[in-house]
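Shown next, in structure tokens, is the structure this report addresses.
Naming convention: chains lettered A, B, ... in sequence-line order (proteins, then strands); numbering from 1 in each chain.
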Amino acid sequence: MNNNWMRRQQLLGYIFIGPSMLGVLLFFLIPAVYSFGLMFTNYKFMNPNVEFVGLDNIVRLLHDPMFYLSLKNTVLFLLAVPFSIGLGFVVAVVLNQRIYLKKLLRGLYFMPYITSGVAVAFVWMLLFHPKQGPINGLLRSIGFDNPPGWLSTTTSSMFAIDIIWIWFLLGYNMIIYMAALQEVSPELLEAAKMDGAKRGQILRRIIWPLVSPTTFLLLITGLIMTIKTFGIIQAITQGGPGNSTTILSLYVYQNAFRYYDMGYASTISWALFIVILLITLVQWIGQKRWVHY
Amino acid sequence: MRRKRLFTSMVSLVLLMGILAGCTGNGNNGNASKPGEQTPSAGTGDPIKLKMWGGVPPESGPQGVIDAWNKEHPEIQVEYVRFVNDDEGNLKLDTAMMTGQNVDLFVNYTISQAGKRMESGLAADLSTFTDYNIDEKMGADAKSWQIDGKYYGIPTTKSPFFVALNKDALDAAGLKVPTDWTWDELREYAKKLKSGDGYGFIQHTEPFVDPIDSVLSQEGYTKADGNSNLNHPLVKKWLETLNTMMKEDQTTPPLGEQLTSKMPVEQEFLSGKVPMLNIGAWLLRSSNNFTDFPRDFKIAFAPVPRLVDSADDYVTRGGLGDYISINAKSKNQAAAWEFLKWYADGGMAPMAAGGRLPASKDADQKTALDSLLGDKSSTYDLDSLMYVMFENKTPTYVRSLAQEVMDVRAQEYEKYFLGSQSADDTIAAMVTRHNEYLKQNK
């Protein structure tokens, strides 16, 4: 009887996850396997002649300077994540105190995260305008004669994108941290205070370790999300000027949907997958040192 | 209790499955009914339905064209579908054709796109239709649209590229409207026309790189030994001329600034801020629109300047455009052909309001010109307009370079104009990457 009930429960469980599994299968697993196969062909969209080319695409990838450049740009782009997490923590700590307009500020910081990416892109382009933009206007008025060109030079463009991305992720990081801060038990903080710990010490030695699982979560999800993003760059620079903001995901997109070179695009996206896998693995191993559950 | 819960969950599951099945079912039905819907149409007198895909917004002409056709031809009804002529839009069109959705006619805007569609068997070979001589109707310029010696579409419009000039500003500076000039002469014009912090000359990014193509379309993109010809001396001359204009003369915006601010060049020109604009016929779409672009000066037109010394060696971009193909998979090719002939021979007149003049010699140019200028003809310098549209006898070329190479080139020259690499390094990088591409696509 009990066994029978268990079995029925299991069956029911499978039925419930059925539809979503179907979705995952159709829209994720099968395409993933398919793209793995494409990696070994010269398939171009619309071109009926498909040949098996063995490892040609992989050899090409390893000799492709654009691949290494976009890898480097991806790493530069990823720098935004730890910065945004750090900033999110600071903002969350500040907003967690009794200050005026707390709710309004909280809402304001979260706004970017729920705002349309393309609209955001255009606003930032105006802000960053090298000549008429308010950012450089401000810099000039406080004495910088040669403010950076932001998006308009090949050396600064990736950092300008980073700034936008930090700003974009900030609200989300802050909200998650605020939730984590609520979990920190007041007894611990009071005890520390009784023992004469200063505010900085409490923050560093008690609060920061206690929220470390949250930091870990934000780091992993943030890095994965960032590495997959290309919309914001496509909207702002299309990988330019030159190729200074071409990141891996954008390079995949260009090869697939601009040049219709599906075989090569599949190869790059599998390389991208390996990068994500490596980053996640390194973090899993590294977490033992600094994450306290 | 438990049983009841199980029952409700089963019911909701069945409902869900029903919805899913319903969706797929509809899809199937839709597919199945397509051939069925068309076969009887020929026999029973139901109108044949054609779908034409083009990149021009319907209100800028296409709607007027098909309304006129549909009124005259109740037996063939055409519907216009707009795709945006960019990567996503062309992908949408290609996907629609590959998956067998109803696309009967489609407009190609570059020959490399037309070529891809031809290779995958989507563009019908028009030499099977013998009652329309494309060469005779469209003139010598049509030849550049042939793929492997055949037409897979009809180039329908005159597609001139030109430098639009603020006639009032030119008059004030005592400058003539040129009918043949070099980049060095343009540079002088820009210097004289520049006032204060403003610019003397701006360019739309689409024809930006044309001077190089003008040279290489004649000399060849590759050398005799099969290597890249992007290190042709005139490429360097082009780079340096523009760079001087950007940095030293400051008569044209630095490319970095133009790109990252997505400078609205039509707006800059039509508001009178910048007196010279390198652009194509689509400027007319904006310059006829006084609501969004009010303007108080006359526009004159000059041909695009040349890099080569001798005017006899010069070819300019332009000639014909809007290469309309018939989908080789369409079941209504004969009907599509009827429509296409009518369109090319003057049916397209309403398109002229957006700057698209019919190329066919049988089209009524006067009607088209009226529609082109509307009630604004007094705001154009008609002599120079006629010159760049009709009278200029400079031979033309159509851009045929692969997108990959266009991008490689653009990435490298952007780095140069942004000051992060020298002209020689730029050319070397272009050549290396072009050669790499050639090796990849042998």
Handout entry: Winner by heavy-atom pair count (cut-off under 4.5 Å) against chain A, out of B/Glu412, B/Met97, B/Arg433
Key = B/Arg433
Handout entry: More than 12 heavy atoms from other groups under 6.0 Å of NZ on A/Lys72
Key = no
Completion exercise
For A/Phe45 and B/Asp94 the tightest heavy-atom approach is CE2-CB, 3.8 Å
Fill in the blank from the handout: In terms of heavy-atom pairs under 4.5 Å with chain B, the winner among A/Arg258, A/His129, A/Gln238 is A/Arg258
Handout entry: Side-chain heavy-atom pair B/Lys415, A/Asn243 within 4.5 angstrom cut-off
Key = yes
Practice task
Examine whether an atom of B/Asn441 lies under 4.5 Å from a heavy atom of chain A, and if so say whether it belongs to the side chain, the backbone or both; otherwise answer neither.
Solution key: side chain
Problem - B/Ser420 side chain to A/Thr154 side chain, donor-acceptor N/O pair below 3.5 angstrom - result: yes
Handout entry: Side-chain donor-acceptor contact under 3.5 Å, A/Tyr253 with B/Asp87
Key = no
Exercise for the section: May I ask you to check whether over 12 heavy atoms, not counting those of B/Lys329, lie within 6.0 Å of atom NZ? Expected result: yes
Completion exercise
Okay, B/Leu255 and chain A: the region with an atom under 4.5 Å from a heavy atom over there is neither
Exercise for the section: Can you see which heavy atom on A/Ser152 is nearest to which on B/Glu257, and at what distance? Expected result: CB-N, 4.0 Å
Handout entry: Best-contacting candidate, A/Gln132, A/Met125, A/Met46, against chain B by heavy atom pairs under 4.5 angstrom
Key = A/Met46
Practice task
Heavy atoms only, distances under 4.5 angstrom: which of B/Glu436, B/Lys262, B/Gln421 has the most pairs with chain A? Name it, please.
Solution key: B/Lys262
Exercise for the section: Give, for atom OH of A/Tyr260 and atom CD of B/Gln403, the distance between the pair rounded to the nearest 0.5 Å. Expected result: 10.5 Å
Exercise for the section: Look at atom CG of B/Asp197 and say whether more than 12 heavy atoms of other residues, nucleotides or ligands are closer to it than 6.0 Å. Expected result: no
Fill in the blank from the handout: The interface call for A/Pro241 against chain B, heavy-atom contacts under 4.5 Å, is both
Practice task
Measure the CD-OH distance between B/Gln440 and A/Tyr264 for me, rounded to the nearest 0.5 Å.
Solution key: 7.5 Å
Completion exercise
Minimal heavy-atom distance between B/Ser120 and A/Pro48, with the atoms involved, is CA-CD, 3.8 Å
Problem - Flag if over 12 foreign heavy atoms under 6.0 Å of CZ, A/Phe144 - result: no
Practice task
Measure the spacing between NZ of B/Lys116 and CG of A/Asn47 and express it to the nearest 0.5 Å.
Solution key: 9.5 Å
Fill in the blank from the handout: Taking every heavy atom of B/Leu418 against every heavy atom of A/Thr153, the minimum-distance pair comes out as CD2-CA, 3.9 Å
Handout entry: Check: B/Gln411 side chain, A/Gly242 main-chain N or O, donor-acceptor pair, under 3.5 Å
Key = no
Problem - Other residues, nucleotides, ligands: >12 heavy atoms within 6.0 Å of A/Tyr259 OH - result: yes
Handout entry: Separation between CD1 of A/Ile236 and CG of B/Leu259, rounded to the nearest 0.5 Å
Key = 14.0 Å
